[in-house]
Amino acid sequence: MMSITNTLTFEIRKELSELIGDVSAKGVFNSYGIFQEKSMFGLFQDNYFYLRAVGKLAQYLESQGAIPYMEHSEKPVSCGINFYLLPDKIRENKDLYKSVVLWSIEQIEEDRNQKEMAKVDLIRGRVNLSVRHERLLNKIGIRSFDDFLKAGAEYCYIALKKAGVSVNLSFFWNLKAASLRKHSMMLTQEEKEKALEVLNTALAKEGMRAIDPIKD
């Protein structure tokens with residue numbers, strides 16, 4: 001026995017499945033989200049199907065007479081932003097209909113990938129690095145972990161001191177270990193000695209006091 005959701009969305013799911021393969025439906029407030037795997041590319045409400053579109057796809061659909069969901073629906077929901085009621089000339093042209101639906105799903109997947117990439121590149125959450133480290137590094141223009149790796153622990157440490165930020169040797173070890181993708185407690189004595197030598201050479205070039213590991 002089919003659920004109420006599957007019963008009410010049977011026709012639109014059948015229509016879309018013939019174009020792009022299996023789709024599913026899930027209740028979203030007073031409408032139904034239409035999905036392919038994790039991508040919600042459509043809204044179905046009061047027997048109307050709305051396709052998600054942003055950027056160039058949205059511009060194209062509008063040029064073809066598509067109506068924004070927020071203007072068409074009599075009881076719009078907030079998640080309906082960026083959805084469009086397709087004109088008959090698109091839905092009746094199966095090849096074109098399939099193309100815009102696949103374009104929509106591609107946009108969703110690209111957006112998801114970009115967000116995942118952004119999460120991966122955050123400074124916070126990396127080994128030894130917290131929100132505090134992220135905020136301090138942002139002050140010297142280091143916005144991502146990739147920025148941090150390119151700049152190097154030594155540069156970041158010196159730039160922070162120049163900016164008037166109180167940082168110590170322990171802070172430097174956190175940065176250096178993060179650049180090596182290991183916990184600061186796992187730095188070997190040899191790694192510390194080499195890193196300190198490089199840091200002190202860089203400090204000297206800037207006319208700044210060298211670090212004494214005993215005193216600092």
Side-chain angles (χ1 to χ4, degrees), residues 21-22 24 26 28 33 35-41 52-59 78-79 81-82 102-216:
D22 291 341
S24 60
K26 180 180 179 180
V28 179
F35 294 77
Q36 184 176 71
E37 296 181 354
K38 295 181 180 180
S39 300
M40 190 178 107
F41 65 91
R52 182 189 182 279
V54 296
K56 291 183 178 180
L57 176 55
Q59 293 172 12
S78 59
C79 66
I81 297 173
N82 299 327
L102 290 176
W103 190 352
S104 173
I105 294 171
E106 182 179 323
Q107 286 188 331
I108 296 168
E109 292 175 347
E110 182 177 351
D111 182 59
R112 184 188 299 120
N113 289 337
Q114 288 178 348
K115 288 179 179 177
E116 289 300 318
M117 288 285 287
K119 288 180 182 178
V120 168
D121 206 30
L122 285 176
I123 293 170
R124 71 182 74 178
R126 296 283 183 158
V127 62
N128 307 307
L129 302 181
S130 64
V131 173
R132 174 175 174 267
H133 293 92
E134 184 174 85
R135 288 173 179 167
L136 289 178
L137 290 171
N138 282 345
K139 289 184 177 182
I140 57 171
I142 304 298
R143 307 295 181 187
S144 68
F145 189 68
D146 186 56
D147 287 343
F148 166 69
L149 290 178
K150 289 177 179 177
E154 293 79 14
Y155 167 85
C156 292
Y157 180 85
I158 292 172
L160 285 168
K161 287 188 74 69
K162 282 185 172 182
V165 178
S166 179
V167 289
N168 55 24
L169 186 57
S170 178
F171 185 90
F172 175 69
W173 293 142
N174 282 335
L175 295 183
K176 189 61 185 180
S179 71
L180 298 174
R181 293 182 171 83
K182 63 196 302 184
H183 194 281
S184 59
M185 296 293 291
M186 299 302 292
L187 286 172
T188 66
Q189 187 60 35
E190 182 180 355
E191 287 174 327
K192 285 187 173 184
E193 290 175 358
K194 182 177 180 180
L196 193 58
E197 181 181 350
V198 172
L199 177 59
N200 280 333
T201 298
L203 284 167
K205 288 182 179 179
E206 297 294 330
M208 302 172 74
R209 181 179 68 85
I211 291 178
D212 183 337
I214 298 177
K215 294 180 180 180
D216 293 86

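These values consider heavy atoms only, across backbone and side chains, with no hydrogens, waters or symmetry-generated copies. Only a predicted model underlies this, so the values are computations on that prediction, with no experimental measurement involved.
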Output the distance between atom [atom1] ([X]) and atom [atom2] ([Y]), rounded to the nearest 0.5 Å.
{"X": "L187", "Y": "K194", "atom1": "CG", "atom2": "NZ", "answer": "13.0 Å"}
{"X": "E206", "Y": "K162", "atom1": "CD", "atom2": "NZ", "answer": "3.0 Å"}
{"X": "I158", "Y": "L199", "atom1": "CD1", "atom2": "CG", "answer": "5.5 Å"}
{"X": "L175", "Y": "R126", "atom1": "CG", "atom2": "CZ", "answer": "14.0 Å"}
{"X": "N200", "Y": "R209", "atom1": "CG", "atom2": "CZ", "answer": "9.0 Å"}

Quick one: list whatever passes salt bridge (Lys or Arg N to Asp or Glu O under 4.0 Å) with K150, sequence neighbours left out.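 Here the qualifying residues are D146.
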Is the OH atom of Y155 crowded by more than 12 outside heavy atoms at less than 6.0 Å? no
Which pair of heavy atoms, one from [X] and one from [Y], lies closest together, and at what distance?
{"X": "M40", "Y": "V28", "answer": "SD-CG2, 4.2 Å"}
{"X": "A151", "Y": "I142", "answer": "CB-CD1, 3.8 Å"}
{"X": "I140", "Y": "C156", "answer": "CD1-O, 3.7 Å"}
{"X": "I123", "Y": "R143", "answer": "CD1-C, 4.2 Å"}
{"X": "K192", "Y": "W173", "answer": "O-CH2, 3.4 Å"}

For H133, the option from F171, Y157, F148 that meets ring pair (Phe, Tyr, Trp, His ring centres under 6.0 Å): F171
For the pair [X] (side chain) and [Y] (backbone), establish whether a donor and an acceptor sit closer than 3.5 Å, ignoring hydrogens and angles.
{"X": "N128", "Y": "S184", "answer": "yes"}
{"X": "N174", "Y": "L129", "answer": "no"}
{"X": "S130", "Y": "R132", "answer": "yes"}

Side-chain heavy atoms of L149 within contact of R181, under 4.5 Å: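 Answer yes - side chains close enough.
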Enumerate donor-acceptor pairs with a distance under 3.5 Å from any side-chain N or O in residues 103-110 to protein atoms, sequence neighbours excluded.
from: S104; atom 1: OG; to: R52; atom 2: O; distance (Å): 2.6
from: Q107; atom 1: OE1; to: V54; atom 2: N; distance (Å): 3.1
from: Q107; atom 1: NE2; to: V54; atom 2: O; distance (Å): 2.8

